[in-house]
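Reading through the structure tokens given below for one structure.
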Amino acid sequence: MSETSPRLRAELEGIPTYKPGKAAAAADGPVAYKLSSNENPYPPLPGVLESVASAAGAFNRYPDMACTGLMNELSDRFGVPLTHLATGTGSVGVAQQLLQATSGPGDEVIYAWRSFEAYPIITQISGATSVKVPLTPGDVHDLDAMADAITERTRLIFVCNPNNPTGTVVRRAELERFLDRVPSDVLVVLDEAYREFIRDTEVPDGVELYRERPNVCVLRTFSKAYGLAGLRVGFAIAHEPVAAALRKTAVPFGVSQLAQDAAVASLRAEDELLGRVGSLVSERARVVETLRGQGWTVPETQANFVWLRLGERTLDFASACEQAGVVVRPFAGEGVRVTVGETEANDIFLKTTEAFRKEL
């Protein structure tokens, strides 16, 4: 017998590995806070733990594969038909389903760079080619350049709004002008994982844009504002052909019953949610104001994190933060993304930036 290995797809060669935010580990050092994964620092919303505990008593059974209760709740919450909805394992899971449904070898997927680091991974897995369009000098999507990059091979375009990791946004007029330039047979995915943190009234709600545009799909998640990152549940709102394709490409029983019930309970706790999000937005404003007062150039952020361009000093800064007791998310040679977390954690981060700034 020959000693050859099983033949695997060539597209997987050299695929980048998704790097999760580093976990906080206090060990013998200072109390460590994790500001590296854009998680919500608050515990689950009222009623959520109870719903999960109830569902846990039956996890010897398969979950509702159709996510009926959650789908009905989302339909009512957003005023969209059930046939325009699809769920998945977080918005990144739904994004991968979108690639499976639209793109393969010979096709192109356009997105800004730097943007969400899962985009090149899931694009390469699908066999399609990434077309990365650099951000503007202000770390914002260059929508004109993205429109210019469209070819006959383009199948899907990601617009991350707010953008991860820079926190910047594209506003209504420029986004609508861009959408007008995109051919109707190219799917535009508005990735709105941080939608709840937006306070800029000029940033459109993607759900309103989707209603009049059959080639627009909106991604949302329960991982960020709703604090269900560990349960992995997200959803898409899109017109029926796209939503139906997402349901076809979904992993059967992928969203657990615990996640479904927790998401429903979270949607029903909107008052508490808005209060928590409001507190994080206030902390965000304090953090940005303090950083700018220290002399840092900080992009306008509408997410639950801030972005500092540090270039070659990026890893040095991340190390200084870790030694001080906070873990941030470095992108080597570019900058760091820092989640707005507990006040105590934010204070440690700001003390570190102040000291580091004096060394520059």
Side-chain angles (χ1 to χ4, degrees), residues 18-24 29-30 32-41 111-119 132-142 160-170 191 193-194 197-200 203 224 280-360:
Y18 186 92
K19 297 178 181 178
K22 188 175 180 180
Y33 293 93
K34 185 182 179 187
L35 302 182
S36 55
S37 294
N38 296 340
E39 296 157 331
N40 192 318
Y111 49 86
W113 199 249
R114 175 172 290 275
S115 191
F116 183 33
E117 63 188 297
Y119 297 157
K132 300 180 180 180
V133 178
L135 296 170
T136 69
D139 290 317
V140 180
H141 279 61
D142 190 338
C160 192
N161 201 30
N163 185 48
N164 177 10
T166 63
T168 54
V169 291
V170 290
D191 188 345
Y194 302 93
F197 298 99
I198 294 174
R199 292 297 180 269
D200 185 335
V203 180
K224 308 304 181 185
L280 288 173
V281 168
S282 296
E283 268 294 281
R284 178 182 75 192
R286 181 179 76 90
V287 169
V288 170
E289 181 180 1
T290 303
L291 288 170
R292 289 176 175 168
Q294 293 174 358
W296 295 93
T297 299
V298 185
E300 182 75 30
T301 177
Q302 292 291 316
N304 70 331
F305 52 84
V306 295
W307 172 249
L308 292 180
R309 278 210 173 271
L310 285 151
E312 296 306 314
R313 301 297 307 278
T314 294
L315 297 183
D316 291 339
F317 178 78
S319 177
C321 284
E322 188 167 357
Q323 291 175 19
V326 291
V327 179
V328 300
R329 179 69 173 89
F331 297 85
E334 298 180 63
V336 295
R337 186 195 68 198
V338 186
T339 307
V340 176
E342 302 91 333
T343 301
E344 298 82 2
N346 300 332
D347 286 343
I348 294 171
F349 164 63
L350 292 171
K351 288 180 181 177
T352 306
T353 57
E354 183 176 28
F356 199 85
R357 182 74 187 172
K358 292 176 181 177
E359 300 174 4
L360 295 179

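FYI, the numbering just counts along the sequence from 1.
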Do any N or O atoms from the side chain of Q294 and from the backbone of R357 form a donor-acceptor pair under 3.5 angstrom? no
Sidechain-backbone polar pair: N163 side chain, R114 backbone, donor-acceptor under 3.5 Å: yes
Residues R286, E289: salt bridge by 4.0 Å N-O rule: no
Matching residue for F349 among T353, N346, D347 - test: side-chain contact (heavy atoms from CB on, under 4.5 Å): T353
Under the criterion side chain to side chain contact (heavy atoms under 4.5 Å, CB included), I'd like the reasoning laid out for W113 against V133: C-alpha separation, chi angles, the key distance, then a yes or no. CA-CA 6 Å; W113 199 249; V133 178; over 6 Å; no
For residues G138 and P299, report the shortest heavy-atom separation together with the two atoms involved. O-CB, 4.4 Å
Walk me through it: do L291 and L350 pass the test side chain to side chain contact (heavy atoms under 4.5 Å, CB included)? CA-CA 7 Å; L291 288 170; L350 292 171; 3.8 Å; yes
Is any side-chain heavy atom of I198 closer than 4.5 Å to a side-chain heavy atom of P162? yes
If I compare all heavy atoms of R284 with all of Q302, which pair ends up nearest, and what's the gap? NH1-C, 3.0 Å
CA sep, side-chain torsions, deciding dist, call: L308, W296, side chain to side chain contact (heavy atoms under 4.5 Å, CB included): CA-CA 8 Å; L308 292 180; W296 295 93; 4.1 Å; yes
Looking at every heavy atom in both S37 and R337, which two are closest together, and how far apart are they? CA-NH2, 3.8 Å
Suppose we screen for ring pair (Phe, Tyr, Trp, His ring centres under 6.0 Å). Which residues come up paired with Y119, at least two apart in sequence or across chains? Y111, F116, F158
Between D139 and R309 (salt bridge meaning N to carboxylate O under 4.0 Å), is one present in this structure? yes
Are the aromatic rings of F305 and Y194 close, with centres under 6.0 Å apart? yes
Heavy-atom closest pair (V170 atom, H141 atom, distance to 0.1 Å) is CG1-CB, 3.7 Å
Between R329 and E117, is there a side-chain N and carboxylate O pair less than 4.0 Å apart? yes
I need the full list of ring pair (Phe, Tyr, Trp, His ring centres under 6.0 Å) pairs touching residues 313-333, with sequence neighbours left out, sorted by first then second residue. W307-F331, F317-F356
Show your reasoning for whether side chain to side chain contact (heavy atoms under 4.5 Å, CB included) applies to V340 and T301. CA-CA 11 Å; V340 176; T301 177; over 6 Å; no
Mark yes or no for whether T314, through its side chain, and G311, through its backbone, hold a donor-acceptor pair below 3.5 Å. yes
Please give me the minimum heavy-atom distance between V328 and C321, naming the atom from each residue. CG1-SG, 4.0 Å
Closest heavy-atom pair, A112 versus L135, reported as atoms and distance to 0.1 Å, is CB-CD2, 3.8 Å
Applying side chain to side chain contact (heavy atoms under 4.5 Å, CB included) to T339 and not counting sequence neighbours gives L35, N38, N304
What I'd like to find out is whether the side chain of E359 reaches to under 4.5 Å of the side chain of R313, using heavy atoms alone. yes
